[in-house]
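Just so we're clear, the structure is a prediction, and the values are computed from it rather than from any experiment. Both backbone and side-chain heavy atoms feed into the values below; hydrogens, waters and symmetry mates do not.
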Amino acid sequence: MNRRQSFVCIAATTLFTAAAFLFFGLRYPYHIHYQEQLQLFQFGSDYFLQVTSVPGGLADWCGRFLTQFFYYAWAGAAICALLLCLIQVLTWKLAGRNGFTTYALSFIPAAFCWFHLCGEHSIPGALVALAIALAAALAVSRISSRKTALILYPFLVPVLYYICGGLVAVYLLAVPVILCRRFSFKVIVPCLIIVLVLGAASPLVARQLFNYPLKRLILGIHYNRYPHMVAVWMWLAALSVPLVCLVKESVKARTDALTGWACLVGAAIFCVAGVSLNSDREKEEHMCYDFMVRYGMWNRIMMKADMKNPDKPFTVCCLNLALGQSGRMEQHQFEYFQNGPQGLLPDFMRDCTSPLPTAEAYWALGMVNTAQRYYFEAQEAIPDFQKSARCYKRLAETNIVNEDLQVARKYLIPLTKTLFYKGWAEKALAAVDDGSIGSWPEYSKEKALRFKENDFLFSDKEMDSMLGKLYLENRGNRLALDYLISYALLGKDIPRFAEFLSLYEGTPLPKPYQEAFLLYWASSHNGPEGLPDFISRDVLNNFQAFVTGMQQGQDANQLGGRFGKTYWYYYYFRFNG
């Protein structure tokens, strides 16, 4: 490889790393945060032994250690980019640094790893396992003593299997390709047979020691959160490494430069196309809304909704909570897409993501027990049975508000062993121990909002009754009133809305409430005579124009230009139950 090609190699690796860093930092930051909130990494021997007690556990522990820094998106982006860079460089060195073609092809395993990271349930620890296996293969191939290399190669197989899990396959397959350059075929074959026997025996022995299906012991326990799913991209990355090593033997020196440039361009196109196809913008948007709800970024949620109107129950729930928390629900709710009561407080779904914004809404309303149930169920639905730092923190808080302090301690103690939650957990634990936790402003407020009596059967099928009871017990709970009236409006229950409207004490009456009241009035009156004073002349004129348009047979598109942000438009053209 000449000097010019060496410069191109450095530039291409730098560009690849920078592209990965910017992708995860700018385009995919909420997938980074999502990974962090689905684990509870703890410093301590108990946690270490628990994680490392299975094949691949040490690599998984290292991956979890790195994932805790995903608390900050740019730190997570840097870690992902450096892991991808490390895998590319290790592949290049393992294949032989002298060939420009092998350098270009060394991006293929790293590209597969990038595709792996695009999945929300793909665990970063799989990249650590692959990097360890590659580093071990490189170390064995660089040993100057041939005898030592032949002895160490099979010896490391069970060790690496225990450290990395099934991805030890890259070590099993890549090392023989390298050693064939130094040894005769007769010397390699017996060693290779021993290695293959050890490779096959390792998961079989592990099956007797660990309570896992043989398939998972072979394909990896900790590469994907869903136990039944195979980390396909990681296995393609592992299997492509020995193929890259074989290329060195087939490319002639005089064509290496031309072939290398063609492969480099092809690898770049492959990487860009693969990342584009495997990245999920819709899920990234959901994770973005969830992140903003988690940290109470209500204005940012509405700014995002102004740019692109959310249209899924998950995102609409986040938007409605932001409207309620910022005091804008009563005035501006129907300026955005609404999909019925499911966009206010969605029904419970047993997964690790959907219940979280709903739980935050219940917590903000003061329905502490319901919020606690949603958080607990969300945590228990994590596919690989990890605990969630986010859920642990909120579960500690719900138990503090309910004055179940011993249960709160159960959640606080593990949080004191974390990096980013330690400070808060230690302060909260000390306050629990000295009895001052109840005086913290956020918990005093939550105690004032919650139900005065908990000895009744909560029913999400009678949500209006639950919200009404919550508000009547504490007239200062304005969010409960907003949700109560909104629940009737979104369900198109106009008589119930008129009943709930008597609880509203503000003036002037918000425009959507006036619009809904006109529908109630029109159902029992032939004209505007006798209308209450809280109906403005502008709203009445618009209503008469809307009715005229309906009578003339105008459709949703024709009426949407002028009335698309009114309650009447929602009532007639949105959400049919």
Side-chain angles (χ1 to χ4, degrees), residues 37-40 290-291 293-296 313-314 317-318 320-321 324-325 344-382 385-416 418 421 424-425 427-429 431-432 435 437-463 465-471 473-474 477 479-480 483 487:
Q37 74 176 18
L38 293 187
Q39 72 164 35
L40 179 65
D290 181 47
F291 173 82
V293 165
R294 178 182 180 182
Y295 291 103
F314 184 94
C317 170
C318 297
N320 282 328
L321 178 58
Q325 287 285 60
L344 194 67
L345 291 167
D347 290 337
F348 176 78
M349 295 179 63
R350 187 172 176 78
D351 62 59
C352 57
T353 306
S354 299
L356 296 177
T358 313
E360 287 290 345
Y362 282 123
W363 170 260
L365 285 164
M367 297 183 180
V368 178
N369 290 343
T370 307
Q372 183 179 84
R373 177 170 65 88
Y374 271 58
Y375 271 109
F376 182 81
E377 293 294 343
Q379 177 174 255
E380 293 304 303
I382 296 176
F385 309 111
Q386 290 196 57
K387 300 304 179 184
S388 164
R390 174 184 179 179
C391 292
Y392 254 52
K393 184 175 185 292
R394 190 61 94 192
L395 287 169
E397 292 177 316
T398 58
N399 281 285
I400 288 171
V401 171
N402 284 335
E403 299 181 352
D404 295 328
L405 299 185
Q406 290 305 312
V407 180
R409 283 178 57 85
K410 184 186 78 171
Y411 292 109
L412 289 171
I413 291 173
L415 289 172
T416 62
T418 64
Y421 303 88
W424 173 85
K427 291 179 182 178
L429 189 60
V432 166
I437 190 70
S439 63
W440 285 22
E442 58 267 37
Y443 304 137
S444 299
K445 176 184 176 182
E446 199 66 35
K447 286 180 180 179
L449 294 177
R450 65 176 179 166
F451 289 114
K452 305 306 180 190
E453 299 178 0
N454 288 323
D455 57 343
F456 68 93
L457 183 62
F458 178 88
S459 173
D460 55 6
K461 304 302 181 185
E462 300 176 359
M463 188 57 67
S465 299
M466 300 296 104
L467 290 167
K469 176 178 174 62
L470 192 67
Y471 177 70
E473 290 184 356
N474 185 347
N477 192 345
L479 186 63
Y483 267 62
Y487 193 83

Checklist entry - Which residue pairs satisfy the salt bridge (Lys or Arg N to Asp or Glu O under 4.0 Å) criterion with at least one member in residues 344-358, sequence neighbours excluded? => result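 Pairs touching residues 344-358 that pass the test: R350-E377.
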Next on the checklist: Looking at Y443, I'd like to know if its OH atom is crowded, meaning that more than 12 non-hydrogen atoms belonging to other residues, nucleotides or ligands lie closer than 6.0 Å.
Outcome noted: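 Result for OH/Y443: enclosed.
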Next on the checklist: Taking the ring centre of each residue, are F291 and Y295 less than 6.0 Å apart?
Outcome noted: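 Centroid distance F291-Y295: below 6.0 Å, so yes.
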Is the closest side-chain heavy-atom distance between [X] and [Y] below 4.5 Å?
| X | Y | value |
| --- | --- | --- |
| N474 | F451 | no |
| Y487 | L345 | no |
| T353 | F314 | yes |

Checklist entry - Ion pair present between R394 and E397, side-chain N to carboxylate O less than 4.0 angstrom? => result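 Salt bridge: yes.
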Over all atoms of both residues, closest heavy-atom pair of [X] and [Y]:
| X | Y | answer |
| --- | --- | --- |
| L405 | I400 | CD2-CA, 4.2 Å |
| A378 | L356 | CB-CD2, 3.8 Å |
| Y374 | Y362 | CZ-CE1, 3.8 Å |

Can any side-chain N or O of [X] pair as donor or acceptor with the backbone N or O of [Y] at less than 3.5 Å?
| X | Y | result |
| --- | --- | --- |
| T370 | A359 | no |
| Q386 | Q39 | no |
| E473 | K452 | yes |

Checklist entry - Testing N477, N402, N369 for side-chain hydrogen bond (donor to acceptor under 3.5 Å, both in side chains) with R450, which one passes? => result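 Answer to the side-chain hydrogen bond (donor to acceptor under 3.5 Å, both in side chains) test with R450 among N477, N402, N369: N402.
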Item to check | Stepwise side-chain contact (heavy atoms from CB on, under 4.5 Å) test for L344 and M463 | outcome: CA-CA 11 Å; L344 194 67; M463 188 57 67; over 6 Å; no
